[in-house]
Protein chains: 2
Amino acid sequence: MEAQTKIEISDAEWEVMRVTWTLGHVTSSQMAEIMAEKMGWKTATVKTLLGRLIKKGALRAEKHGRAFTYYPTVDEQPSMDEAVTTLFGHLCQMRVGQTLTDLVTQLTLSQTDIENLQATLAQKQATAPVTVDCDCLPGDQHC
Amino acid sequence: MEAQTKIEISDAEWEVMRVTWTLGHVTSSQMAEIMAEKMGWKTATVKTLLGRLIKKGALRAEKHGRAFTYYPTVDEQPSMDEAVTTLFGHLCQMRVGQTLTDLVTQLTLSQTDIENLQATLAQKQATAPVTVDCDCLPGDQHC
DNA sequence: CTATATAGTCTACATCCGTAAACATTGAAT
DNA sequence: ATTCAATGTTTACGGATGTAGACTATATAG
């Protein structure tokens, strides 16, 4: 059933998706207004991005009178998870722990977020290895 | 003092940097050999990437006889932190907590990594807000 | 019905990226 | 000294990206 070949959303497109996810659905005029304020983009720019997202299959358009209403066809959390997972996959595995710690230090997290993270960490502790090796070189253990 | 305009390292270039960081310094032939094995790249591809990284200022070359030896001019951990911070900056702030939890679930972390994270989280707990608002729309509180 | 505003589609264009061939230079072997 | 192989430099090229103008179709006001 055609597992559509992994949708790549660029940075600019990502901004459009965020708004769409948050609102659930938008018209291009709404989006143009929002992006003009948020990003300083011209209407034409927004049209291009909406068009590209439709073509990529990240958005779906439904015609209502003259205009279309745009709906996301991919979910936000999975998309975020994937973007993050992909990035971390490109980093030295030996350093992801430190990177995560540095990140957590910077981010604003809610009480609940912290609790959930603590629970997840506690659970991983049982099976966590003592060390994680660098995987920057081919073959197996090098550095 | 010319804060050099933020070095942007692409995905392919990142692979080259990882190897350089791990080895401390490399010759292009070494790098070509490693990337041939690790990425399946031709020598020419590696040369291009090394050249671009030099131009971008992420690597420095020192001539030794006929060939150059390449050294990183940016540090690994700060580069990783920055890449990660940038990505999270593009995500809905309301969802970064969940995203982080999903990420931690997937990653392999060492005992020490987990301990450091727990310590960092415990410290944040004191001042953490009850909730974090969505920041996907312009203006202030919308969604 | 007709003119206009509005939304959609097509075209543009410089730059970056991934990937690599072609060409030039030079240290080293004979 | 001459030549070859290794190394660096230049050029290439299609596709993605950011940014946007131009052109077109049509719902709606009058």
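All values derive from a computational prediction rather than experimental measurement.
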If an axis is fit to five pairs at each end of the helix from dC1(C)-dG30(D) to dT30(C)-dA1(D), what is the angle between the two, to the nearest 10°?
10°

Would you state whether a donor and an acceptor, one from the side chain of Arg66(A) and one from the base of dT24(D), lie under 3.5 Å apart?
no

Verdict with reasoning, Phe88(B) to Thr85(B), per side-chain contact (heavy atoms from CB on, under 4.5 Å):
CA-CA 5 Å; Phe88(B) 273 79; Thr85(B) 298; 6.0 Å; no

Do the side chain of Lys124(B) and the main chain of Val104(A) share a donor and acceptor less than 3.5 angstrom apart?
yes

Check whether any side-chain N or O of Thr73(B) sits under 3.5 Å from a backbone N or O of Ala58(B) as a donor-acceptor pair, and report yes or no.
yes

Please give, in whole Å, the distance from [N] [atom2] to [X] [atom1]?
X: Lys55(B); N: dT10(D); atom1: NZ; atom2: P; value: 9 Å
X: Met39(A); N: dG18(D); atom1: CE; atom2: C1'; value: 10 Å
X: Arg52(B); N: dT9(D); atom1: CZ; atom2: P; value: 15 Å
X: Leu50(A); N: dA20(D); atom1: CG; atom2: C1'; value: 14 Å
X: Met31(A); N: dA20(D); atom1: CE; atom2: P; value: 16 Å
X: Met35(A); N: dG18(D); atom1: CE; atom2: C1'; value: 12 Å
X: Glu33(B); N: dA6(D); atom1: CD; atom2: C1'; value: 14 Å

Which part of the nucleic acid, if any, lies within contact of [X], taking any heavy atom under 4.0 Å across all strands shown: a base, the sugar-phosphate backbone alone, or nothing?
X: Lys47(B); result: base
X: Ser29(B); result: sugar-phosphate
X: Thr45(B); result: base

Hey, does [Y] have a side-chain heavy atom less than 4.5 Å from the side chain of [X]?
X: Ile34(A); Y: Leu23(A); result: yes
X: Leu107(B); Y: Asp113(B); result: no
X: Val19(A); Y: Leu137(B); result: yes
X: Met94(B); Y: Asp135(B); result: no
X: Val46(B); Y: Ser28(B); result: no

Worked verdict on Trp41(B) versus Val16(B) for side-chain contact (heavy atoms from CB on, under 4.5 Å)
CA-CA 11 Å; Trp41(B) 290 342; Val16(B) 172; 4.2 Å; yes

Considering heavy-atom distances to DNA chain D, does Glu8(A) or Gly40(A) have its closest nucleotide positioned more toward the 5' end?
Glu8(A)

DNA chain D: Phe68(B) or Lys63(A), which has the more 5' nearest nucleotide?
Phe68(B)

Which two nucleotides bound the region of DNA chain C that has atoms under 4.0 Å from heavy atoms of chain B, read 5' to 3'?
dC17(C) to dA28(C)

With respect to the phosphate group of dA6(D), does any side-chain polar atom (N or O) of Ser28(B) fall under 4.0 Å of OP1 or OP2?
no

